Amino acid sequence: MTPDDVTPESVTGNRANEDGVGRLLPTPQQTSLADDRQILFFSTAENPPVPGIDHRDLPARPDDSATRVRRDPQIGDWVMIAPARQERTYKPPRRMCPLCPDPSGRSSEVPADDYDVVVFENRFPSLAAAHAGSGFRLPDRPGDLMVEAPGHGRCEVVCFSSDHEGSFSGLTPERARLVVDVWSQRTDDLLARDGVEEVFCFENRGEEIGVTLTHPHGQIYAYPFRTHRTETMLRAASTHRAQTGSDLFESILAGELSSGERILVQTAHTAAFVPFAARWPAEVHIYPLRHVRRLSELTDDEADDLARVYLMVLRAYDALYGRPLPYIASWHQYRADSAEGYLHAELFSVRRSADKLKYLAGSESGRDAFVTDKTPEDVAADLREVMA
Ligand SMILES: [Zn+2]
């Protein structure tokens with residue numbers, strides 16, 4: 001099945017207790033935007049917001065040649081090339097916000113009176129070759145220094161709230177839980193598609209991070225390759241297992257819990273800590289205590305708990321310097337049959353003090369070797385102090 005070949009089954013989330021899924025997931029109402037992109041409305045309300053009709057006169061979607069991936073022959077990583085993204089909406093005035101609900105269906109991406117959580121295909125995607133066909137696989141071609149392929153995959157936008165001035169940290173626990181369920185449903189749907197190797201749910205928050213739309217939202221990338229960080233982590237996990245016989249991520253979590261030095265919070269089902277070798281300012285990792293591969297495997301209680309801890313960390317972030325902290329929230333999830341991998345979130349900021357930003361300079365950008373000017377233990381102490 002190609003990413004564009006959507007059937008009602010493919011967006012049905014009600015697969016509890018099958019394939020390791022730990023709870024009922026919401027089933028979205030789905031419709032299409034004017035250029036045929038899919039939009040999904042998620043809600044827990046008894047009378048959920050009703051999707052309207054998109055009346056805009058939009059140009060046709062980019063074809064398969066619009067995005068490409070090329071393999072960097074020096075290190076084997078894939079690079080996405082998406083020239084059309086130059087045209088994407090850049091800091092529009094509030095009345096032009098494409099993520100606010102628009103009942104007229106003429107000025108925004110979301111034709112509706114209101115919504116709870118909505119997901120739609122990105123109009124300016126980094127990966128847009130949705131029609132590459134079933135059985136898509138990236139070419140391997142050992143020895144070939146110039147390997148290029150269509151940018152197969154899918155990029156989605158997730159609006160966390162219809163409130164333009166809102167933020168994830170301002171969501172109620174129930175709404176945050178709905179977002180967790182939406183991430184779960186989207187991850188399972190996208191991972192099931194041909195040619196998708198990895199699904200990445202993330203949020204960039206703050207203009208300092210390069211956010212071009214201030215409306216609270218995140219993104220999901222379904223990549224046709226395994227990303228560098230995932231590849232490196234899974235290789236480390238495999239080496240660790242061969243050397244010690246134990247699971248790397250379980251060992252990390254157990255080590256942090258027993259030391260306690262960098263723990264921010266431990267609840268019935270979840271722990272948050274500053275990692276031992278944190279690379280970024282205010283870096284925090286959040287793990288469920290039970291080893292699962294992806295969000296959909298969590299039970300209801302575990303998902304509620306994870307959402308609450310996630311909110312606690314985000315609220316501590318905003319309390320750290322008395323104003324919204326720019327951050328990146330990055331979810332790590334794996335297929336049920338992945339040999340290694342442990343669901344967790346990695347959050348970090350580019351703000352290293354109240355008035356200074358962290359720039360990725362020579363050592364970081366040129367060598368991927370990070371320098372940090374505050375010990376992870378001090379970062380943990382500061383965050384614990386402002387944690388509600
Ligand atoms: Zn808005």
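Nothing here was measured: the structure is a model prediction, and the numbers come from that model. Counting starts at 1 for both ligands and their atoms, in listed order.
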CA sep, side-chain torsions, deciding dist, call: D36, R61, salt bridge (charged side-chain N to carboxylate O under 4.0 Å, His left out): CA-CA 8 Å; D36 228 22; R61 301 175 68 176; 5.4 Å; no

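Using the six-membered ring where Trp is involved, Y342 and Y287 have ring planes that are tilted, between 30° and 60° apart. Aromatic ring orientation, Y310 versus W331: tilted (interplanar angle from 30° to 60°). Taking the six-membered ring where tryptophan is involved, the planes of Y223 and F225 are tilted, since the angle between them lies from 30° to 60°.
Only protein N, O or S atoms were considered, and those under 2.8 Å from the Zn ion (ligand 1) are C97 SG, C100 SG, H164 ND1, H215 ND1.
Minimum heavy-atom separation, L311 to P173: CD1-CA, 3.7 Å. For the residue pair R56 and R37, the shortest heavy atom distance occurs at NH2-NH2, 4.0 Å.
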